[in-house]
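Just below is one structure, and these are the notes that go with it.
Only this structure's heavy atoms are used, side chains among them; waters, hydrogens and symmetry mates stay out. Since this is a predicted model, take the numbers as computed values, not measurements. Whatever order the structure lists ligands and atoms in, that order sets their numbers, starting from 1.
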Amino acid sequence: MLGIAPADAADHADHVKQWLAAGRHGEMTYMEAALAERLDPRRLVPGAKSIICVADLYADRAAPEPPLPPAPAGRIARYAWGDDYHKVMKKRLHRLADDLREVWPDEEYRTTVDTAPILEREQALRAGLGWVGKNTMLIHPRLGSYMLLGEIVTTLALETAGDAGQAISDHCGTCTRCIDACPTRCIDPAGYTLDASRCISYLTLEHRGPIAPELHAPIGDWLAGCDVCQEVCPFNAPLDAPPPAAIHPAHRPRPPAPAIPILDLLQWDADARREAFERSALKRIRLDQLKRNALIIAGNYLGVATGHPDPALLARVRAIANDPDETELVRTTARQVLERME
Ligand code: SF4
Ligand code: SF4
């Protein structure tokens, strides 16, 4: 899906500034670093007139999903089930930019897939690709929200034809499913904004330090990312027929999706991590972050309430807590987990 947005300053600049000032971005300091560019694409590409916004479906809601391995296993969010979307989408956007450059060689074209400061959901909204729901995701009435976003910011003045580019109205209505289902309650009770510093996606992927023990239980079995607020959204309900847009083959699931056995992961070394995520968007997660997350999942599984004894897993957690070859982050998390179980 493609739409065109005018390269104008953000409508929600005050909201973004307040959100940052309240520290809701956690350790994502890169969001502050290039704020002026983020709030005005003309500072990113001087003379920019248009933003070509694309949205790529990554989940086929009509196809059965790969089965989860037996518990305990750490789940991976769907966006990372296939090949690294940054590479897949950037390649296609570069091809589009090259085609445009052939016709209009004197214009500037800057392609980005999470690689430049841009408020991509606001731009996609302006381009008519969907509305931003209470869970803060871009949602299309027929395609849902399992979509990856990319942009070309250009000095070329483009217009959309027909209904394309028409704003899609907010369809959330009185629904509050995402707010009610969020395990860490990090979505504002009124929706449309969230405390990213408590979001499982942030905690498992971006946060580099130990995770506060009170957030361990809500993390459940999420190893990398979290899909809960999208899974419960009625616009992502499974379809009987093929989805109304094709899924790029590179986004289709392949191992280690959809989940990794925890006891295996707790024995990984750097080579095992590299091999598992070589082609994945998850290759930037450090091994000690993965082990931290895996230990939290192990603790949730071994916790008194679950009643699932697993001596081998418990022995592994205990060994890690005192293993000088593990990082301080991993040892600390193992100790947090053991303390929670006492
Ligand atoms: S990704 Fe998970 S933790 Fe984050 S807002 Fe959605 S449901 Fe909550
Ligand atoms: S779950 Fe309901 S409230 Fe949340 S984004 Fe979807 S439609 Fe909107």
Considering only NZ, NE, NH1 and NH2 on the basic side and carboxylate oxygens on the acidic side, decide whether R38 and E122 come within less than 4.0 Å.
-> no
Would you kindly specify which portion of I139 sits under 4.0 Å from ligand 2, judged on non-hydrogen atoms: side chain, backbone, both or neither?
-> side chain
Protein contact to atom 8 (Fe) of ligand 2 [nearest heavy atom, distance to 0.1 Å] | C172 SG, 2.3 Å
Ligand 1-proximal atoms of A181, by part, heavy-atom distance under 4.0 Å | neither
Residues E231, R78: salt bridge by 4.0 Å N-O rule = yes
Pairing of R254 and D83 as salt bridge, 4.0 angstrom limit = yes
List every atom of ligand 2 that sits less than 4.0 Å from any heavy atom of K134, numbering the atoms from 1 in the order shown and giving each element.
-> 3 (S), 5 (S)
Per-atom filter on ligand 1: closer than 4.0 angstrom to a heavy atom of V228 are 7 (S)
For the residue pair W131 and F235, does the interplanar ring angle fall in the parallel (under 30°), tilted (30 to 60°) or perpendicular (over 60°) class?
-> perpendicular
Check each atom of ligand 2 against the heavy atoms of N135 and keep those under 4.0 Å away; list them by number with element.
-> 5 (S)
Which of the ligand 1 atoms, numbered from 1, are nearer than 4.0 Å to a heavy atom of P183 = 7 (S)
List the closest protein heavy-atom neighbour of atom 2 (Fe) of ligand 2: residue, atom name, distance to the nearest 0.1 Å.
-> C175 SG, 2.3 Å
The closest protein heavy-atom partner of atom 3 (S) of ligand 1 is I200 N, 3.2 Å
NZ/NE/NH1/NH2 to OD/OE distance under 4.0 Å, D40 and R43 = no
Tell me, which protein residue and heavy-atom name are nearest atom 5 (S) of ligand 1, and how many Å apart are they?
-> C186 SG, 3.5 Å
Do D288 and K291 sit within salt-bridge range, that is, some charged N less than 4.0 Å from a carboxylate O?
-> no
May I ask you to say whether R92 pairs ionically with D56, meaning some side-chain N is under 4.0 Å from a carboxylate O?
-> yes
With D84, which of K283, R279, R284 fulfils salt bridge (charged side-chain N to carboxylate O under 4.0 Å, His left out)?
-> K283
Nearest to atom 4 (Fe) of ligand 1, what protein heavy atom do you find, and at what distance?
-> C199 SG, 2.4 Å
Could you find the nearest protein heavy atom to atom 6 (Fe) of ligand 2 and give me its residue, atom name and distance?
-> C233 SG, 2.5 Å
Got a sec: is C178 within less than 2.8 Å of atom 8 (Fe) of ligand 1 via an N/O/S atom?
-> no
Cation over ring, R75 on W222, under 6.0 Å and within 45°?
-> yes
Numbered atoms of ligand 1 (with element) below 4.0 Å of L194, judged on heavy atoms | 5 (S)
Atom 2 (Fe) of ligand 1 to nearest N/O/S of C226 below 2.8 Å = yes
Report the C-alpha distance between N300 and H216 in whole Å, list the side-chain angles of each, state the deciding distance to 0.1 Å, and finish with yes or no for side chain to side chain donor-acceptor pair (under 3.5 Å).
-> CA-CA 7 Å; N300 291 338; H216 286 202; 6.0 Å; no
Should you measure from each heavy atom of F235, which atoms of ligand 2 turn up under 4.0 Å away?
-> 7 (S)
Out of C229, G225, S201, whose heavy atom is nearest to atom 7 (S) of ligand 1?
-> C229
Between D11 and R126, is the closest basic N to carboxylate O distance under 4.0 Å?
-> yes
